[in-house]
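Here's the structure we're looking at; comments come further down.
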Amino acid sequence: MAGSSVFTSCIFLSLVIALAISGFNFKGSEAARAFFVFGDSLVDNGNNNYLATTARADAPPYGIDYPTRRPTGRFSNGLNIPDFISQELGSESTLPYLSPELNGERLFVGANFASAGIGVLNDTGVQFVNIIRISRQLEYFQEYQQRVSSLIGDDKTKELVNGALVLITCGGNDFVNNYYLVPNSARSRQFALPDYVTFVISEYKKVLRRLYDLGARRVVVTGTGPLGCVPAELALRGRNGECSEELQQAASLYNPQLVEMIKQLNKEVGSDVFVAANTQLMHNDFVTNPQTYGFITSKVACCGQGPFNGIGLCTVASNLCPYRDEFAFWDAFHPSEKASKLIVQQIMSGTSKYMHPMNLSTILALDSKKY
C-alpha cells in the first residue's frame, strides 16, 4: 500500500505541475503578455549592478523616489520607461537578466537585458569597460529562451516570445559616447557625420532583424532624445544655455532615417512588427515648453554639479533638488521619473507624429484579438 500511495502522490504532483504550466500558457488575454527590454541606460533597470563597470546607478540619491527609497540600478530618481510600460501591460516590472531572482515563474514575465553605456556599435562605450553590448544582449535573449523551454517546452516558449512586447532603446551613446566623446575621435576621423549616421542605421537594422529572427513580433524602437539639449551637453558644448548644434544635428539626421529603416524592415518581413517612437519630439516638447508639462526647467538637472548640474555624476555630494517632479531631467543625461511617465503616455496614445505606424494602445487592442 505504501508503494501505491507514493505512486499516486507522484501522479498527483505531475498533474499539478502540468496544470500549472498549461494554466499559465492558456490564460490568453487574461494574462499579461511577456515584456523584453534591450538597450542602454535609459532602460537599464539594474544589470550593470552585477558588472565591474563605472556605468552604474547603484548609490544614493538614485532611487530616492522608488517605492523602496533605495537605488536599484535605474538611472532615475524612481521608475523608468520600462516600469511604466509594464504597468500599462498590467504586469510587474521585469527583472534584470543578470538578477539571481530571475528564475522559475518570474521568467514568464519577461526580462530586461539593457546595459548602461552600450550603443548600436560594439566600440561605443569602451570607456565603461564591462558592459553588455547589444550583440551580447541578443545572445542572452537566446539563452533566456532555452531556460524557459526547459520549463514549458519549445512550442510554449515560442508562443510566449511571439506574443511578447519588446522595447529597444539604442543609438544615443553612439554619438555622445563615441563620435563626439573626444575631439577628433576615431569614428569622426573615419566618417563625416551624415555617413556615420547611415552606418549606425545600417548596423541597427541588423540588430532589429536578429531580434525578429529570435521570435520578436512586436518591437517598439525609440529614437534618440534631443541629444544636444541634455544638461551635460548644455554644460559642455552649448553656448549661453542653448542646445549643442552638433549633437542636435546628429539627432535630426538619425531619427528620420531610423523611421525610414523601420518602414523598410516592416516591408521586408511583411508585417508591422517594428514601431518607431519619436522620443526626440517627445523630449522636445519638454525642452521648448516645460511649464506646459508642470516642469520649472528642462535645462537644469535635478541632481549634479557645475553649470546646469550637468558636470560629472549624480552622487551624495551633488546638488539635489527638493521637488523632483518639477525637473524634466533627473541627472546630466536621463529624464526624471515624471518625464519618463509622460513619455510612456505618448508611446501609449500619441498621434502618428509621435508613433509610427501606430501607438501602443492600438497595438495592444489589435493583439488582444490574436493572443
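Predicted model only: the values in this text are computed from it and were never measured.
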_Hydrophobic cluster membership, Ile85 vs Met358, 4.5 Å side-chain cutoff_ = yes

*Please report the closest heavy-atom contact between Met348 and Leu364, naming both atoms and the distance.*
CE-CD1, 4.0 Å

*Does a side chain donor of either Asn47 or Tyr140 reach within less than 3.5 Å of an acceptor in the other side chain?*
no

*Donor-acceptor pair, Glu233 side chain versus Cys243 backbone, under 3.5 Å?*
no

*Residues clustered with Ile311, ILVMFWY side-chain links under 4.5 angstrom*: Leu236

*asked:* Ignoring hydrogens and geometry beyond distance, is a side-chain donor-acceptor pair present between Arg187 and Ser185 at under 3.5 Å?
replied: no

*Of all the heavy-atom pairs spanning Glu337 and Phe84, show the shortest one and how long it is.*
O-CE1, 3.5 Å

*Out of curiosity, does Phe329 fall in the hydrophobic cluster containing Leu320 (side-chain heavy atoms, cut-off under 4.5 Å, transitive links)?*
no

*Hey, quick one: are Leu138 and Val120 part of the same hydrophobic cluster, counting side-chain heavy atoms closer than 4.5 Å, chains of contacts allowed?*
yes

*More than 12 heavy atoms of other residues, nucleotides or ligands under 6.0 Å from CG of Asp195: is that the case?*
yes

*Proximity of Phe75 and Phe333 rings by center, below 6.0 Å*: no

*Identify whether Leu181 and Tyr179 are in the same connected component of the hydrophobic contact network (ILVMFWY, side-chain heavy atoms under 4.5 Å).*
no

_I'd like to know if the side chain of Asn359 pairs up with that of Thr362 as donor and acceptor (distance under 3.5 Å, no hydrogens or angles considered)._
yes

*What closest approach, in Å, do Pro256 and Ala251 show between heavy atoms, and which atom pair accounts for it?*
CD-O, 4.1 Å

_Could you check whether any side-chain N or O of Arg56 sits under 3.5 Å from a backbone N or O of Ala116, counting only pairs where one atom can act as donor and the other as acceptor?_
no

_Parallel, tilted or perpendicular: which one describes the rings of Tyr196 and Phe191, with boundaries at 30° and 60°?_
tilted

*Over all atoms of both residues, closest heavy-atom pair of Ser368 and Ala365*: OG-O, 2.7 Å

_Stepwise side chain to side chain donor-acceptor pair (under 3.5 Å) test for Arg74 and Thr72_ = CA-CA 5 Å; Arg74 292 166 173 82; Thr72 62; 3.1 Å; yes

*Kindly indicate whether the side chain of Ile343, heavy atoms from C-beta on, has any atom under 4.5 Å from the side chain of Gln346.*
no

*Compare every heavy atom of Ala235 with every heavy atom of Pro307, then report the nearest pair and how far apart it is.*
O-CB, 3.4 Å

_Worked check of side chain to side chain donor-acceptor pair (under 3.5 Å) between Ser115 and Asp44_ = CA-CA 5 Å; Ser115 178; Asp44 184 356; 4.9 Å; no

*If you group Ile, Leu, Val, Met, Phe, Trp and Tyr by side-chain heavy-atom gaps below 4.5 Å, do Met261 and Phe175 land in one group?*
yes

_Test item: Asn122 and Ser135 side chains (from C-beta on) under 4.5 Å apart, heavy atoms_ = yes

*For salt bridge (charged side-chain N to carboxylate O under 4.0 Å, His left out), just list the numbers for Arg106 and Glu92, CA-CA rounded to whole Å, side-chain angles, deciding distance to a tenth of an Å, and then say yes or no.*
CA-CA 10 Å; Arg106 299 201 74 170; Glu92 61 190 278; 3.1 Å; yes

*Calculate, to the nearest 0.5 Å, the distance between atoms CD1 and CD belonging to Ile131 and Gln137 respectively.*
9.5 Å

_Gap between atom CD1 of Ile347 and atom OH of Tyr354 - 0.5 Å precision_ = 12.5 Å

*asked:* Would you say Thr53 and Asn130 are linked by a side-chain donor-acceptor pair, where the criterion is simply a distance under 3.5 Å?
replied: no

*Without swapping roles, check the side chain of Asn173 against the backbone of Cys170 for a donor-acceptor pair under 3.5 Å.*
no

*Can you check whether His334 reaches Asn77 side chain to side chain, under 4.5 Å on heavy atoms?*
no

*Donor-acceptor under 3.5 Å (His283 side chain, Thr279 main chain)*: yes

*Under the criterion side-chain contact (heavy atoms from CB on, under 4.5 Å), which of Pro82, Ser93, Pro96 is the partner of Val37?*
Pro82

*Gap separating the OG atom of Ser76 from the CG atom of Asp65, nearest 0.5 angstrom*: 8.0 Å

*Find out whether Tyr204 and Ile168 are in side-chain contact, i.e. whether some heavy atom of one side chain is under 4.5 Å from a heavy atom of the other.*
yes

*Show which residues join Val259 in its hydrophobic cluster (side-chain heavy-atom contacts under 4.5 Å, direct or indirect), or state none.*
none

*For the side chain of Tyr144 and the backbone of Leu107, is there at least one donor-acceptor N/O pair under 3.5 Å apart?*
yes

*Do other residues, nucleotides or ligands put more than 12 heavy atoms under 6.0 Å from Lys341 NZ?*
no

_Enumerate the disulfide (SG to SG under 2.5 Å) contacts for residues 266-311, please, sequence neighbours excluded, ordered by first and then second residue._
Cys302-Cys321, Cys303-Cys314

_What's the separation between atom CD1 in Ile363 and atom CE in Met355, rounded to the nearest 0.5 Å?_
6.0 Å

*Ser252 side chain to Gln249 main-chain N or O, any donor-acceptor pair under 3.5 Å?*
yes

*Do the side-chain N and O atoms of Arg237 and Gln248 include a donor-acceptor pair separated by under 3.5 angstrom?*
no

*Given the side-chain rings of Tyr97 and Phe113, with only the six-membered ring counted for Trp, is the space between their centroids under 6.0 Å?*
yes

_Lys158 and Asp154 ion-paired at < 4.0 Å_ = no

*Does a side-chain heavy-atom distance below 4.5 Å link Ser188 with Tyr180?*
no

*About how many Å separate CG of Asp367 and CZ of Arg218, when rounded to the nearest 0.5 Å?*
4.0 Å

_Pairwise distance CD1(Ile134) to CZ(Arg210) - rounded to 0.5 angstrom_ = 12.5 Å

_Enclosure of Gln291 CD (heavy-atom neighbours >12, cutoff 6.0 Å)_ = yes

*Cluster companions of Phe327 among Ile, Leu, Val, Met, Phe, Trp, Tyr (side-chain spacing under 4.5 Å)*: Leu234, Ile296, Val300, Phe308

_Check whether Asn177 reaches the backbone of Gly125 with its side chain - one donor and one acceptor, N or O, closer than 3.5 Å._
no

*asked:* With a sphere of 6.0 Å drawn around CD of Glu245, does it hold more than 12 non-hydrogen atoms of other residues, nucleotides or ligands?
replied: no

*Taking all heavy atoms of Gly163 and all of Arg33, pick out the closest pair and write down the distance.*
O-NE, 2.8 Å

*Ignoring hydrogens and angles, tell me if any N or O in the side chain of Asp174 forms a donor-acceptor pair with the backbone of Gly119 under 3.5 Å.*
no

*Do any pairs count as a side chain to side chain donor-acceptor pair (under 3.5 Å) and have a residue in residues 296-308, sequence neighbours left out, and if so which ones?*
Gln305-Ser318

*Glu260 and side-chain hydrogen bond (donor to acceptor under 3.5 Å, both in side chains): which partner among Gln264, Gln257, Lys263?*
Lys263

*asked:* Donor-acceptor pair, distance only, cut-off 3.5 Å: does the side chain of Asp83 make one with the backbone of Asn80?
replied: yes

*Establish, for the pair Arg70 and Tyr66, whether the NZ or CZ atom is under 6.0 angstrom from the six-membered ring centre and no further than 45 degrees off its axis.*
no

Using distance only, find each side-chain donor-acceptor pair of residues 221-230 under 3.5 Å and give its atom names and separation, not counting sequence neighbours.
residue	atom	partner	partner atom	Å
Thr222	OG1	Thr169	OG1	2.9
Thr224	OG1	Asn255	ND2	3.1

*Any Asp123 side-chain heavy atom under 4.5 Å of Asn178 side chain*: yes

